[in-house]
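The structure under discussion appears below in the form of structure tokens.
The analysis underlying the following values was restricted to heavy atoms, covering all of them including side chains, and did not include hydrogens, waters or symmetry mates.
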Amino acid sequence: MFNFLRGATPPEAARRRAESWRRRLAEGLAVVSPGTPVPDLEVAYYADLLRRELPEDAQAAEETPDFDDLDERETAEIEEWLSAAGVTVPEDAMNAGLAPVKWMLDQLLRERVNRGARWLRGQTTERVQQAVVANLREVEAYSTWPDRRRLVRERIADTLRGASPDVVIAHSLGTYTTYETLHANPDIKVGLLLTVGSPLRVPTLLRRLDPGLRDGRGAKPAGVERWVNIADVGDVVAVPTPLSAVFPVDRDETCDNGLGSHGLGGYLANGLTAAAIAPYLA
């Protein structure tokens with residue numbers, strides 16, 4: 001939802017995103033590994049495929065939803081999401097004049113401020129609500145709407161085969177779609193899979209994952225040599241942590257990106273990202 005560029009064709013949107021994200025990646029590399037060349041980025045753009053209209057009509061305007069727009073089923077799934085992050089609903093939650101999910105989010109944000117996520121002191125709850133709802137609805141679109149899963153996987157696989165990258169960086173819902181795509185296409189070889197801001201352990205997303213868990217564990221895609229995961233301490237989409245509790249990541253890292261903890265730009269500019277990818281860029 002936040003990556004959708006209205007009025008741009010998918011190739012145009014991919015190019016614009018690549019230019020913007022390359023600049024943020026350069027920031028981190030300049031600090032951690034001066035002199036390391038900044039790679040050109042190829043973006044697998046598929047935000048148009050997760051709109052309510054299929055591609056040719058996908059430029060229609062949509063409002064950005066928040067918790068006030070949830071139906072009963074979605075509310076229950078958000079409650080489960082926030083519960084997985086460690087928040088419980090007290091019996092008197094409604095007495096505070098807030099819906100339970102809003103109360104739960106407020107408690108989670110307060111907790112993470114105390115744990116040192118500086119950006120949350122100035123970040124609006126509305127923005128966080130929008131990110132959570134967007135991820136929930138996009139994974140529903142991806143996993144339940146006719147042909148969307150196939151179309152998204154095909155676009156990601158086509159991009160990977162065309163670029164043949166040593167490093168794949170997947171963010172937010174992209175960690176979910178990339179995980180599935182790599183499993184569905186074991187011929188695609190990747191030296192490093194770097195997942196950032198991943199909601200792979202969110203219960204409602206986990207239940208829809210293909211392939212599903214076996215004995216409570218996920219599996220590393222056959223073509224992936226190394227898997228590193230990074231989650232910001234204030235990122236309420238990347239919960240619960242650590243990802244390695246369920247998935248066989250080789251290294252699990254936490255960071256504090258400051259303002260805008262879930263945004264891809266902050267992750268790309270972080271030194272942990274630069275340190276992870278630098279050996280593959282020499």
Side-chain angles (χ1 to χ4, degrees), residues 1-4 44-55 58 62 65 67 69-87 101 104-105 129-157 160 168 170-186 188 193 195-222 224 227 229 231 235-249 262:
M1 181 170 294
F2 295 118
N3 285 325
F4 180 70
Y45 178 86
Y46 55 84
D48 59 306
L49 298 177
L50 300 181
R51 308 291 280 181
R52 294 188 181 280
E53 306 81 9
L54 262 168
E62 282 188 12
F67 285 4
D69 301 300
L70 299 173
D71 60 27
E72 185 175 346
R73 178 187 55 79
E74 290 173 327
T75 299
E77 291 183 335
I78 296 293
E79 285 185 11
E80 185 181 29
W81 185 326
L82 297 175
S83 294
V87 184
V101 289
M104 293 173 74
L105 179 61
Q129 288 182 33
Q130 291 170 353
V132 171
V133 175
N135 271 270
L136 177 67
R137 291 188 172 176
E138 286 184 340
V139 80
E140 180 174 1
Y142 169 75
S143 62
T144 64
W145 292 358
D147 291 330
R148 303 304 170 99
R149 187 174 236 137
R150 176 183 61 80
L151 290 168
V152 169
R153 285 181 176 183
E154 287 177 355
R155 192 172 291 180
I156 294 173
L160 293 176
V168 171
H171 169 250
S172 195
L173 179 62
T175 67
Y176 190 96
T177 57
T178 300
Y179 177 89
E180 291 198 350
T181 299
L182 290 173
H183 270 292
N185 298 273
I188 298 177
L193 172 62
T195 51
V196 297
S198 176
L200 271 170
R201 282 194 63 195
V202 171
T204 186
L205 277 66
L206 203 53
R207 285 193 294 271
R208 297 167 173 169
L209 192 64
D210 177 30
L213 304 186
R214 296 188 65 180
D215 299 322
R217 297 284 299 176
K220 182 187 292 185
V224 173
W227 183 357
N229 181 68
D235 190 343
V236 299
V237 173
V239 295
T241 55
L243 194 63
S244 55
V246 175
F247 294 90
V249 301
H262 183 62

Where at least one partner belongs to residues 212-222, residue pairs that pass salt bridge (Lys or Arg N to Asp or Glu O under 4.0 Å), sequence neighbours excluded: Lys220-Asp250
Heavy-atom pair of closest approach, residues Pro248 and Gly218: CD-O, 3.4 Å
Trp81 side chain to Val236 backbone, donor-acceptor under 3.5 Å: yes
Electrostatic pair Arg73-Glu140, nearest N-O below 4.0 angstrom: yes
Lys/Arg-Asp/Glu bridge criterion (N-O < 4.0 Å) met for Arg208, Glu77: yes
From Asp48, Thr181, Thr177, residue fulfilling side-chain hydrogen bond (donor to acceptor under 3.5 Å, both in side chains) relative to Arg155: Asp48
Main-chain N/O of His171 paired to Thr175 side chain as donor or acceptor, under 3.5 Å: no
Arg150/Asp147 ion pair, N-O < 4.0 Å: yes
Reported CG-to-OG1 distance for the pair Asp235 and Thr241, which is rounded to 0.5 angstrom: 10.0 Å
Thr195 and Trp227: side chain donor to acceptor below 3.5 Å: yes
Between Tyr46 and Tyr142, ring centroids under 6.0 Å: no
Tyr176 side chain to Leu209 backbone, donor-acceptor under 3.5 Å: yes
Val239 side chain reached by Pro199 side chain, heavy atoms, under 4.5 Å: no
Main-chain N/O of Leu200 paired to Ser198 side chain as donor or acceptor, under 3.5 Å: yes
Side-chain donor or acceptor of Arg148 paired with backbone N/O of Leu49 under 3.5 Å: yes
